[in-house]
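Below is one structure, written out as structure tokens; the observations come after it.
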Protein chains: 2
Amino acid sequence: MVSIGVQGGVYRQAACLQCPARPRMLCAGMTNELLPALGSIATDVRLDKGETLFYEGDDAKYVYNVKKGYVRLSRLGVDGRRQVMGFLTVGDYMGHTGKSQYAISAEALTDAEVCRFSRSDLESLLSQYPQLERQFHHMTAGLLDDMLDLLFTLGRKNAIERVASFLDNALDRQIQSDEPATQIWLPMTRADIADFLGLTLETVSRAFSRLRKEGIIDIEHAHTIHILQRARLIDIASGDG
Amino acid sequence: MVSIGVQGGVYRQAACLQCPARPRMLCAGMTNELLPALGSIATDVRLDKGETLFYEGDDAKYVYNVKKGYVRLSRLGVDGRRQVMGFLTVGDYMGHTGKSQYAISAEALTDAEVCRFSRSDLESLLSQYPQLERQFHHMTAGLLDDMLDLLFTLGRKNAIERVASFLDNALDRQIQSDEPATQIWLPMTRADIADFLGLTLETVSRAFSRLRKEGIIDIEHAHTIHILQRARLIDIASGDG
DNA sequence: CGCGCGTTTGATCCTCCTCAACGCTGGTGG
DNA sequence: CCACCAGCGTTGAGGAGGATCAAACGCGCG
């Protein structure tokens with residue numbers, strides 16, 4: 001059963017000390033004093049696959065950190081066109097905006113757990129703990145850097161380069177979290193990837209096939225990819241292919 | 001004569017109290033106490049048209065606020081492909097990144113004046129004045145929102161929609177600064193616009209011509225555009241055209 | 001005046017989109 | 001337990017939108 005919106009999910013008081021994602025969260029590096037303060041305003045929310053955490057246009061009351069699973073951020077155009085803004089996983093953060101409504105929607109790609117902070121609660125903490133605003137700001141700046149990369153990809157790369165960039169990026173994040181590996185798991189569909197890269201799902205599928213035929217990747221299942229020749233993948237991604 | 005790099009330009013101590021751009025700057029809303037502190041670490045830099053303020057890859061030592069004129073932010077790919085990330089003007093802010101090197105280059109489109117803050121100087125102020133980090137963070141979040149709009153445009157709009165979006169946006173910013181108007185001045189070339197919108201200069205030029213033929217805009221000179229039918233422009237920009 | 005840069009317009013080409021068919025897989029119900 | 005079905009992925013054929021190549025024009029400037 002899938003519940004809809006912020007009303008959905010299972011709630012419980014956050015247990016920060018046991019949080020496996022802490023080193024990469026909003027609460028990263030927080031002192032013994034600040035951590036409980038943060039914990040007291042945090043709520044764990046559990047999401048079923050397919051469940052929407054918030055919709056574009058909703059009042060932006062909360063910010064979130066992903067603790068487990070995958071979340072997709074996207075925006076919908078009037079005629080149904082969709083642009084996926086990112087795929088989030090452990091440690092990633094979302095919901096922040098300069099406006100009072102969310103500019104994007106967030107939906108769980110897999111069963112997921114997120115840590116929810118009310119923005120008004122957070123505000124009051126910010127004035128007490130400048131360090132927190134620091135961390136907050138730092139994460140926002142990191143997001144901005146990521147968006148610049150994506151902007152270049154969407155504006156100036158062709159289909160095969162976009163897909164190669166996507167795979168290389170996915171591998172990077174995999175490596176950062178787990179031990180170095182050549183295998184990536186993609187919880188999203190080809191349509192999701194297409195809407196992320198500004199392509200159609202057919203074009204994405206063809207790009208995967210082409211990379212496979214050229215021996216650069218191996219497609220174990222549609223969602224499990226092995227990178228066989230990372231150097232060539234990077235070359236293609238950067239336009240040297 | 002055009003000087004190159006951060007070495008270029010004419011320097012002088014910032015005169016914050018007389019700064020015409022203050023309401024929209026990093027120093028917006030700063031108290032009487034904080035403003036002099038900020039002023040003491042600020043330097044005015046004057047730029048000739050075409051002069052580069054910083055290059056992608058340079059150590060990110062400063063952040064900047066534009067006080068006058070126009071600045072173009074862009075990134076260059078290995079084979080010369082260029083993606084323009086934005087066109088900045090009075091009050092806009094740049095140079096901020098989560099990394100230690102700039103992710104983009106900044107070049108003056110017109111003669112310009114910017115207000116320069118050393119990041120290390122800023123850091124020390126931040127710990128004294130949390131309000132400053134606040135404002136800083138707020139501007140970064142605003143940038144992020146803008147990037148999401150651009151991402152949708154690059155990922156999911158066709159040529160005419162992109163150009164219409166661009167013009168509508170330019171008009172919006174014009175209106176926000178001056179009195180409501182229907183005329184926009186575009187200091188950048190068609191190639192700049194193309195590299196911003198992920199198109200070629202020819203396609204941009206054709207889109208302008210088509211909008212003119214349909215009576216939606218009037219092209220006084222290549223860089224002076226009149227918006228004759230804003231409603232239709234917005235419709236086209238959002239895909240209802 | 002002539003030159004160079006930026007813009008416009010035209011002709012052709014090619015990448016990616018669209019439409020369509022088919023296969024695979026996992027879930028559901030008979 | 002198996003048949004069926006829906007959703008997702010792959011592959012193919014054809015077409016459209018934008019890129020590329022090319023030429024001419026206008027304008028500012030030396």
Side-chain angles (χ1 to χ4, degrees), chain A residues 1-2 48-50 72 77 79-83 109-110 153-164 166-167 185-214 217-225 236 239 241, chain B residues 1-2 49-50 72 77 79-84 109-110 153-164 166-167 185-214 217-225 236 239 241:
Chain A
M1 176 242 166
V2 171
D48 291 330
K49 173 175 175 171
R72 181 188 64 220
D79 54 357
R81 280 182 270 188
R82 188 180 66 153
Q83 176 64 38
L109 278 176
T110 63
T153 295
L154 292 191
R156 285 293 170 235
K157 291 184 185 175
N158 64 26
I160 192 82
E161 291 164 358
R162 291 183 201 205
V163 171
F166 172 74
L167 289 175
W185 181 62
L186 303 173
M188 68 293 287
T189 66
R190 297 290 189 261
D192 287 331
I193 299 173
D195 287 347
F196 180 61
L197 296 176
L199 301 168
T200 60
L201 65 94
E202 293 95 330
T203 300
V204 170
S205 180
R206 280 185 246 272
F208 271 92
S209 297
R210 190 171 146 198
L211 290 172
R212 177 174 48 70
K213 281 172 196 151
E214 296 189 8
I217 66 172
D218 180 44
I219 305 176
E220 189 178 318
H221 308 290
H223 298 275
T224 307
I225 310 290
I236 293 174
Chain B
M1 175 244 165
V2 172
K49 174 177 174 169
R72 180 187 66 220
D79 54 356
R81 280 182 271 188
R82 187 180 66 153
Q83 176 64 38
V84 169
L109 277 176
T110 63
T153 296
L154 292 191
R156 285 293 170 234
K157 291 185 185 175
N158 65 25
I160 193 84
E161 291 165 357
R162 292 184 200 204
V163 171
F166 172 74
L167 289 174
W185 180 61
L186 303 173
M188 69 293 287
T189 67
R190 296 290 188 260
D192 287 331
I193 299 173
D195 286 346
F196 180 60
L197 296 175
L199 301 168
T200 60
L201 66 94
E202 294 95 330
T203 300
V204 170
S205 180
R206 278 185 247 271
F208 271 92
S209 297
R210 191 171 144 199
L211 290 172
R212 177 174 47 71
K213 280 171 195 153
E214 297 189 9
I217 65 172
D218 180 44
I219 305 177
E220 188 178 321
H221 308 290
H223 299 275
T224 307
I225 310 290
I236 293 175

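Note on naming: letters A, B, ... go to the chains in the order of the sequence lines (proteins, then strands), and numbering restarts at 1 for each one.
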Starting at atom [atom1] of [X], determine the distance to atom [atom2] of [N], rounded to an integer number of angstrom.
X	N	atom1	atom2	value
A/K157	C/dT15	NZ	P	18 Å
B/F208	C/dT7	CZ	P	9 Å
A/K49	C/dG27	NZ	P	9 Å
A/D195	D/dG9	CG	P	12 Å
A/R156	D/dG18	CZ	P	13 Å
A/R212	D/dT11	CZ	P	5 Å

If you check the [X] side chain, which of [options] turns out closest?
X	options	value
B/T200	D/dA19, D/dG9, C/dT7	D/dA19
B/S205	C/dC17, C/dT8, D/dT10	C/dT8
B/T189	C/dT7, D/dT20, C/dC17	C/dT7
A/N158	C/dC16, D/dT10, C/dT18	C/dC16
A/L199	C/dC19, C/dC17, D/dG9	C/dC17

**Prompt:** Within a strict 4.5 Å, meaning less than it, do heavy atoms of the B/V84 and B/M188 side chains meet?
**Reply:**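 The answer is no; the side chains never approach within 4.5 Å.
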**Asked** Can you tell if the side chain of A/V204 reaches within under 4.5 Å of the side chain of A/F166, non-hydrogen atoms only?
**Response**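 Contact flag for A/V204/A/F166 side chains = no.
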Is the distance from OP1 or OP2 of [N] to the nearest side-chain N or O of [X] less than 4.0 Å?
X	N	value
B/R190	C/dT8	yes
B/H223	C/dT7	yes
A/T203	C/dC17	yes

Categorize [X] for me: base, sugar-phosphate, or nothing, with a 4.0 angstrom heavy-atom threshold over every strand shown.
X	result
A/R162	nothing
B/L201	base
A/R210	nothing

**Asked** Has the side chain of A/E202 got a donor or acceptor atom sitting under 3.5 Å from an opposite partner on the base of C/dC19?
**Response**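 Flag set: donor-acceptor pair detected.
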**Request:** Mark yes or no for a side-chain to base donor-acceptor pair under 3.5 Å between B/R206 and C/dG10, with no hydrogen or angle criteria applied.
**Result:**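 Answer yes: a donor N or O sits under 3.5 Å from an acceptor.
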**Message:** If I take atom CD1 from residue A/I219 and atom CG from residue A/L186, how far apart are they, to the nearest 0.5 angstrom?
**Reply:**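 Taking CD1 in A/I219 and CG in A/L186, the distance rounds to 10.0 Å.
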**Message:** To the nearest 0.5 Å, what is the distance between CG on A/D195 and CZ on B/R156?
**Reply:**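 The CZ atom of B/R156 is 4.5 Å from CG of A/D195, to the nearest 0.5 Å.
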**Prompt:** Hey, is A/E214 close enough to A/R210 for a salt bridge, meaning N to O under 4.0 Å?
**Reply:**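 Salt bridge flag = yes for A/R210 with A/E214.
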